[in-house]
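Here is the naming used below: chain letters follow the sequence lines, and residue numbers restart at 1 for every chain.
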Amino acid sequence: MSVLPQEELIKKWEREQDALKQQLVEGDTEEWQQTSGFAGLERVGGVDLSFIKGDEVNACAQLVVLSYPQLELLYEDSQMVTLTTPYIAGFLAFRETPFLLEALQRLKTKQPSLMPQVVFVDGNGLFHYREFGVACHLGVLSGLPCVGVAKNLLQMQGVLRSEEHLSQIRALKKGGDSFPLTVACGRVLGKALRSSDKSIKPIYVSVGHRISLDTAVQLTHACCRYRVPEPIRQADMRSREYLRKHYQCLDTQK
DNA sequence: GCGACAG
DNA sequence: ATCTTGTCGC
């Protein structure tokens with residue numbers, strides 16, 4: 001196995017993002033996205049990876065499928081995986097996507113009728129330095145509609161955690177309120193969404209693949225019982241539970 | 001050189 | 001991502 005210096009690796013990854021970006025579809029492509037109450041939408045997916053403290057390479061990759069609009073669990077898959085690349089901001093997809101695709105492939109083999117009609121991804125989509133975050137990456141490689149949801153703001157030219165930004169957050173009065181994230185060139189790459197009446201800190205929603213920004217924001221709000229959309233929240237909770245159950249004993253002995 | 005840095 | 005119990009409030 002040849003190992004590239006990190007600088008070369010990043011150049012290679014940037015070229016790969018540029019190439020995959022050509023296949024990205026930004027708008028609504030599905031019947032259910034055109035209707036008011038998302039009629040025809042029955043299954044929403046969520047993916048996440050959880051780690052053991054102090055362990056950079058071993059993680060639990062999680063896929064859940066929930067019913068819509070009930071948001072009840074239809075399917076779940078937990079799988080221990082060994083990560084092969086470091087986390088570098090802007091390149092999260094290269095660390096996580098291979099294992100999320102494997103989980104979708106297992107679902108396709110075992111329970112094809114439960115394939116989600118849209119997948120919520122922990123991380124950004126178009127709201128990204130090169131407009132191709134992990135939600136776009138997974139969307140293009142899986143072909144599924146995807147929505148990116150970040151819990152923290154990725155600061156970019158034109159979108160900073162400034163007093164102005166904090167003021168815009170304070171202006172979000174109720175669940176469903178949002179404001180656009182406009183980068184320096186003037187393009188709206190995402191929206192900050194107050195996901196429920198109770199949560200003050202917004203989440204950052206952007207297009208992954210085969211969905212428009214407004215539809216993505218509306219759907220995300222519709223999937224929020226708490227701050228984080230239920231598919232991602234369930235994937236997060238269940239992957240952490242898996243690690244507790246299977247690896248807590250090892251952790252205790254360290 | 002300094003700060004920023006999704007998960 | 002992870003470190004971490006209780007606590008205050010609805």
Side-chain angles (χ1 to χ4, degrees), chain A residues 6-7 9-10 13-14 17 46-63 78 80-101 103 119-139 146-162 165 174-175 181 183-184 189-193 195-209 216 220 225-229 231-233 235-244 246-248 250-252 254:
Chain A
Q6 188 171 89
E7 186 183 317
L9 183 61
I10 285 175
W13 280 349
E14 285 178 342
Q17 287 176 331
V47 290
D48 192 30
L49 262 68
S50 286
F51 297 79
I52 306 170
K53 66 172 180 182
D55 189 334
E56 293 274 288
V57 298
N58 295 298
C60 178
Q62 187 77 30
L63 167 65
S78 310
M80 287 308 296
V81 298
T82 304
L83 304 199
T84 53
T85 62
Y87 169 67
I88 301 173
F91 303 96
L92 174 63
F94 294 92
R95 184 162 160 85
E96 299 197 346
T97 299
F99 308 103
L100 305 178
L101 285 168
V119 178
F120 285 90
V121 182
D122 205 346
N124 294 298
L126 283 179
F127 188 65
H128 177 271
Y129 303 132
R130 286 167 301 281
E131 301 186 15
F132 201 76
V134 62
C136 301
H137 206 114
L138 183 66
C146 285
V147 176
V149 177
K151 298 181 288 294
N152 293 291
L153 179 69
L154 181 61
Q155 297 196 78
M156 312 173 47
Q157 196 179 9
V159 187
L160 302 173
R161 213 182 282 105
S162 58
H165 184 77
K174 60 181 192 307
L181 303 169
V183 282
L189 292 186
K191 286 193 174 182
L193 169 69
S195 52
S196 76
D197 288 339
K198 288 183 178 178
S199 60
I200 298 304
K201 185 177 178 177
I203 55 177
Y204 299 93
V205 179
S206 59
V207 169
H209 186 51
T220 300
R225 289 223 255 255
Y226 303 97
R227 176 175 175 249
V228 173
I232 292 178
R233 185 171 162 269
D236 180 66
M237 288 172 43
R238 289 168 188 277
S239 54
R240 284 201 226 196
E241 181 182 20
Y242 184 94
L243 291 179
R244 272 206 314 276
H246 294 80
Y247 290 86
Q248 188 70 290
L250 298 178
D251 188 52
T252 304
K254 280 191 177 176

Is it the case that Arg130(A) and Gln17(A) place a side-chain donor and acceptor less than 3.5 Å from each other?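 Yes, a side-chain donor-acceptor pair sits under 3.5 Å.
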Mind calculating the distance between [atom1] ([X]) and [atom2] ([N]) to the nearest angstrom?
X	N	atom1	atom2	value
Phe91(A)	dA1(C)	CZ	P	20 Å
Ile232(A)	dA1(C)	CD1	P	11 Å
Ile88(A)	dA1(C)	CD1	C1'	15 Å
Leu83(A)	dA1(C)	CG	P	14 Å
Leu154(A)	dA1(C)	CG	P	14 Å
Phe51(A)	dC3(C)	CZ	P	12 Å

Sorted by chain and residue number, the ring-ring contact (aromatic ring centres under 6.0 Å, His included) partners of Phe91(A) (sequence neighbours excluded) come out as Trp13(A)
Just call it for Asn124(A): base, sugar-phosphate, or nothing, with non-hydrogen atoms closer than 4.0 Å on any strand.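 Base contact.
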Applying a 4.0 Å non-hydrogen cut-off, can you work out what Gly148(A) is touching in the nucleic acid: base, sugar-phosphate, or nothing?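 It contacts nothing in the nucleic acid.
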Return the minimal non-hydrogen interatomic distance between Asn124(A) and Tyr204(A), and the atom names on each side. OD1-O, 4.3 Å
Using 0.5 Å steps for rounding, measure from the CE atom of Met156(A) to the NE2 atom of His128(A). 8.0 Å
Atom pair CZ (Arg233(A)) and CG (Asp48(A)), whose distance is rounded to the nearest 0.5 Å: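 So the gap between those two atoms works out to 13.0 Å.
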Checking Thr97(A) side chain against Phe94(A) main chain: does a donor-acceptor pair fall under 3.5 Å? no
Any donor-acceptor pair under 3.5 Å linking the side chain of Arg95(A) with the backbone of Thr84(A)? no
For DNA chain B, note the earliest and the latest nucleotide, 5' to 3', having some atom under 4.0 Å of a heavy atom belonging to chain A.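 From 5' to 3', the first and last contacting nucleotides are dA4(B) to dG7(B).
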For DNA chain C, whose closest nucleotide is more 5', that of Arg240(A) or that of Lys198(A)?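 The 5'-side residue here is Arg240(A).
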Got more than 12 heavy atoms from elsewhere within 6.0 Å of CD, Glu56(A)? no
Counting a pair only when it is Watson-Crick or G-U and both distances are under 3.5 Å, which runs of at least 3 such pairs involve DNA chain C?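 Stems for DNA chain C, defined as runs of 3 or more consecutive pairs: none.
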I'd like to check Val47(A) versus Val119(A) (side-chain heavy atoms, cut-off strictly below 4.5 Å). Are they in contact?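 Yes, close enough: below the 4.5 Å cut-off.
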